[in-house]
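Just below is one structure, and these are the notes that go with it.
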Amino acid sequence: MDNRSRIKILDESLCNQIAAGEVVERPASVVKELVENSIDAGADEIIVELESGGCKLIRVGDNGCGMNRQDVFLCLERHSTSKIHKAEDLFALTTLGFRGEALASIASVSRFRLRSSATDDGLGQELLVEGGHVKRAEEVGMARGTLMEARNLFFNLPARRKFLRREQTELGHCADVVTKQALSHPGISFKLSHNGRSMLDLRCEKGLTERVAALLGREMLMEMQGVDVNDEAVGIRLRGLMGQPSLNRSASTHIYSFINGRYIRDRVVQHAIMDGYRHLLMKGRFPVVVLFLEVAPDKVDVNVHPTKHEVRFRDQALVHNFIAASLQQQLKPANWVQPQTAEIPVPRSEPSHPAPFVAPLQTSFIREPLAPLYAHRPTPALTPDSVSAESVGVVSVPPPGADSSGPLAHFDDRQQYFSGLRYLGQYHNSYLLCQDGDDLLLIDQHAAHERIGFESLKAGISAGQIEQQSLMFPEILELDFRSSQALAEHLGDLAQLGFDVEPFGGKSFALKAVPQLLAGEDNRRLIVDIALDLEQVGSSGGLMDRLDDVLIMMACHGVIRANQALDPREARALLEQLDRVDFKANCPHGRPVMQRMRLVEIERLFRRQ
Ligand code: ADP
Ligand code: MG
């Protein structure tokens with residue numbers, strides 16, 4: 001029997017390489033860590049130079065506070081940091097870095113050079129490091145600031161080198177990192193060059209708007225609007241720029257979300273943003289947003305991932321609902337329908353506190369003027385059959401006692417937009433032609449009415465007018481521990497939406513009744529999905545999605561079709577109703593309700609310009 005110990009403590013440089021496995025995935029990770037250090041050092045000028053997509057060289061220079069002779073050596077040690085000193089500091093972070101392992105990791109997997117000066121005497125210290133070992137140290141002439149250089153990334157780890165992609169791909173990732181850092185720090189000037197060619201040259205700007213214009217282009221900026229919602233009581237704030245629904249992309253690449261100044265792709269935040277744009281985008285489309293979420297540092301833990309790409313919120317549901325409601329609030333009046341101006345107005349709105357599932361909807365429709373439309377058409381075939389056009393009408397009646405908080409409470413001048421247009425006529429029995437100042441507008445009557453109908457049906461639901469259908473045989477469902485806990489906490493919300501779910505011992509539940517609208521659907525599956533949503537993001541879009549799908553279908557059947565002649569009175573009634581609903585710029589499938597042609601464009605067509 002061999003009595004020697006089999007367990008060994010790994011040597012320092014191997015430890016660093018292991019840590020590097022988590023921190024340094026590719027050149028872009030090095031760029032991220034080095035630029036973050038420059039930002040933490042208070043620099044207002046950061047220069048990033050790359051060669052061969054960063055595989056050959058990554059060099060980051062800054063004019064920050066620099067390091068003295070001792071610190072230049074210390075900074076390369078693992079767990080060496082100037083940013084935190086005690087455990088409590090972890091919950092009051094003001095810097096991007098704090099783990100003290102980036103430099104040690106990077107230096108262990110590259111040929112590393114670092115020079116820094118913390119004084120104004122024109123002198124600094126330079127170190128040459130190879131695979132984590134200092135090869136040379138000397139004094140050099142330099143201004144205050146720091147320059148770090150990582151060459152031949154993974155030169156000593158051929159297995160990892162193989163994972164590097166084409167130069168162009170790696171370069172793309174690096175540029176992406178710099179873009180995100182530049183968006184969150186408009187006050188810092190950034191330069192990025194590749195193989196000696198300048199790729200980005202951003203001067204320091206006054207604010208986000210200017211930075212977005214410089215990075216994403218003025219044209220995109222024109223289609224964006226400011227948002228700033230602050231709930232001081234809870235200690236949460238959302239500010240930034242959000243694109244109008246017509247500005248959308250096929251991937252989520254243009255969802256820039258920052259949490260306390262840090263770019264983070266968080267599941268809860270992403271989900272909440274998509275929820276904010278619910279039914280304003282076509283399926284598979286993503287909005288363009290640059291959003292900064294600020295939460296008290298003790299309400300969010302950033303120390304859950306070595307690269308800090310993920311965070312953990314203390315109260316996920318709160319964060320989720322705050323974001324979704326803030327965006328919806330902003331999108332609701334759909335001021336997009338009016339021509340945008342160059343300035344970006346940032347309305348400061350009070351935070352809204354939505355019900356867990358259903359944001360309060362304030363709308364009413366199918367009032368007097370449009371009633372004849374229904375009257376002279378055959379009763380539309382609604383699905384499910386139990387819902388008739390009459391019941392659609394019923395839900396639109398404002399709840400009793402509706403006054404200042406009632407359906408029309410949010411009226412203001414902006415809400416008179418469509419009714420204030422000059423109606424010119426109907427084109428092809430499908431489009432309403434209107435004039436707005438010098439502009440010609442085409443309004444899709446079907447899309448418009450679909451939105452009106454949809455909002456009205458939803459208003460009915462939020463007013464609690466949900467018909468329930470009891471199941472003859474209650475369905476028993478068994479969930480896993482986490483899902484069952486999440487579901488148990490939200491039984492009241494489910495009841496509000498027409499689901500009667502009762503605990504059935506252990507992790508089981510009995511589904512006894514469902515909203516009539518969803519009778520005959522696979523509600524069992526739906527509840528399981530909802531429970532999972534609740535568990536993961538603290539809020540369920542899944543349920544509303546399913547209900548909404550049915551409502552959309554009903555709205556779609558119940559409304560004016562394309563190819564239906566409208567007399568001017570009916571057309572005007574439609575425009576008036578459009579003013580009364582929220583989210584009026586898009587039909588619930590996300591299609592635009594309106595297109596605008598400017599006079600100059602028309603004159604150009606006739607060669608008058
Ligand atoms: P962390 O950023 O988590 O503290 P790093 O390994 O990235 O850990 O850096 C270690 C330390 O080196 C930092 O805490 C900081 O004091 C110093 N440092 C790194 N980069 C710079 C820089 N560009 N300017 C000044 N000091 C720096
Ligand atoms: Mg760092």
Side-chain angles (χ1 to χ4, degrees), residues 12-13 15-25 28-49 58-87 89-110 112-120 123-127 129 132 134 137 140 142-150 177-178 180-181 184-185 188-191 260-264 297 301-309:
E12 184 66 20
S13 100
C15 288
N16 286 335
Q17 285 191 3
I18 290 171
E22 292 179 313
V23 179
V24 186
E25 185 196 343
S29 356
V30 176
V31 173
K32 171 181 176 283
E33 294 296 337
L34 296 184
V35 173
E36 282 189 359
N37 280 345
S38 298
I39 295 171
D40 283 345
D44 63 10
E45 204 182 315
I46 298 176
I47 300 174
V48 183
E49 294 163 90
I58 299 159
R59 183 188 291 137
V60 175
D62 69 54
N63 64 349
C65 65
M67 285 178 273
N68 65 22
R69 212 183 120 77
Q70 270 171 317
D71 285 349
V72 165
F73 282 92
L74 268 177
C75 75
L76 294 171
E77 299 291 325
R78 203 144 66 94
H79 305 310
S80 67
T81 180
S82 55
K83 300 170 193 174
I84 57 170
H85 300 289
K86 47 189 189 315
D89 296 346
L90 273 177
F91 302 97
L93 290 170
T94 54
T95 52
L96 295 168
F98 60 86
R99 296 170 62 110
E101 52 186 9
L103 292 184
S105 303
I106 296 166
S108 75
V109 294
S110 67
F112 195 73
R113 190 163 73 108
L114 122 75
R115 48 161 78 175
S116 192
S117 165
T119 57
D120 286 324
L123 286 178
Q125 187 72 28
E126 180 174 277
L127 292 190
V129 189
V134 177
V140 289
M142 69 177 290
R144 183 197 292 264
T146 304
L147 186 95
M148 302 220 178
E149 208 178 83
V177 163
V178 177
K180 285 158 186 165
Q181 283 162 329
S184 51
H185 296 88
I188 299 178
S189 89
F190 283 88
K191 285 196 175 72
N260 292 349
R262 215 182 277 280
Y263 174 80
I264 280 163
D301 188 357
V302 291
N303 189 26
V304 293
H305 194 273
T307 61
K308 311 172 199 91
H309 276 312

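One-based numbering, in listed order, for ligands and for the atoms of each. In what follows, residues are counted from 1 in the order of the sequence shown.
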Can you confirm whether the side chains of S38 and D62 place a donor and an acceptor under 3.5 Å from each other?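 There is such a pair (donor and acceptor under 3.5 Å, judged by atom type) between the side chains of S38 and D62.
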For [atom], closest protein heavy-atom neighbour:
atom                    : result
atom 10 (C) of ligand 1 : S80 O, 3.3 Å
atom 9 (O) of ligand 1  : L103 CD1, 3.7 Å
atom 22 (C) of ligand 1 : T146 OG1, 3.7 Å
atom 1 (P) of ligand 1  : G100 N, 3.6 Å
atom 4 (O) of ligand 1  : T81 OG1, 2.5 Å
atom 23 (N) of ligand 1 : D62 OD2, 2.9 Å
atom 25 (C) of ligand 1 : A41 CB, 3.6 Å
atom 14 (O) of ligand 1 : S82 N, 2.9 Å

Quick check on contacts: which atoms of ligand 1 are under 4.0 angstrom from a heavy atom of [X]?
X    : answer
A102 : 6 (O), 7 (O)
F98  : 1 (P), 3 (O)
G97  : 2 (O), 3 (O)

Do you know the tightest heavy-atom contact between [X] and [Y]?
X    : Y    : value
S82  : H85  : O-NE2, 3.8 Å
F112 : L103 : CZ-CD2, 4.1 Å
E33  : A102 : OE1-CB, 3.3 Å
L147 : G61  : CD1-CA, 3.8 Å
S117 : L123 : OG-O, 2.9 Å

Should R99 be counted as touching ligand 1, given the test is an N or O pair under 3.5 Å?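 Such a contact does occur with ligand 1.
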Is there any N or O on D40 that sits under 3.5 Å from an N or O of ligand 1?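 Checking ligand 1 against D40, no N or O pair falls under 3.5 Å apart.
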Sub-4.0 Å heavy-atom contact, M148 with ligand 1: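 For ligand 1, residue contact (heavy atoms, under 4.0 Å) with M148 is present.
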Any chance you could measure I58, atom CD1, to K32, atom NZ, to the nearest 0.5 Å?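 Result: 13.5 Å between the selected atoms.
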Between OG1 of T146 and CZ of R115, what distance do you get to the nearest 0.5 Å?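 Answer for the OG1-CZ pair, T146 versus R115, is 11.0 Å.
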Applying the side-chain contact (heavy atoms from CB on, under 4.5 Å) criterion to V30, which one of V109, V177, I106 satisfies it?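 Exactly one candidate clears the test, I106.
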Assess N37: does it contribute an N, O or S atom lying under 2.8 Å from the Mg ion (ligand 2)?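 Coordinating: yes.
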Which bit of M67 gets closer than 4.0 Å to ligand 1, counting heavy atoms only: side chain, backbone, both or neither?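 Within the 4.0 Å criterion, M67 contacts ligand 1 through side-chain atoms alone.
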Using atom types as modelled and distance alone, determine if a side-chain donor or acceptor of S116 lies under 3.5 Å from a backbone N or O of G145.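 Between the backbone of G145 and the side chain of S116 there is a qualifying donor-acceptor contact (under 3.5 Å).
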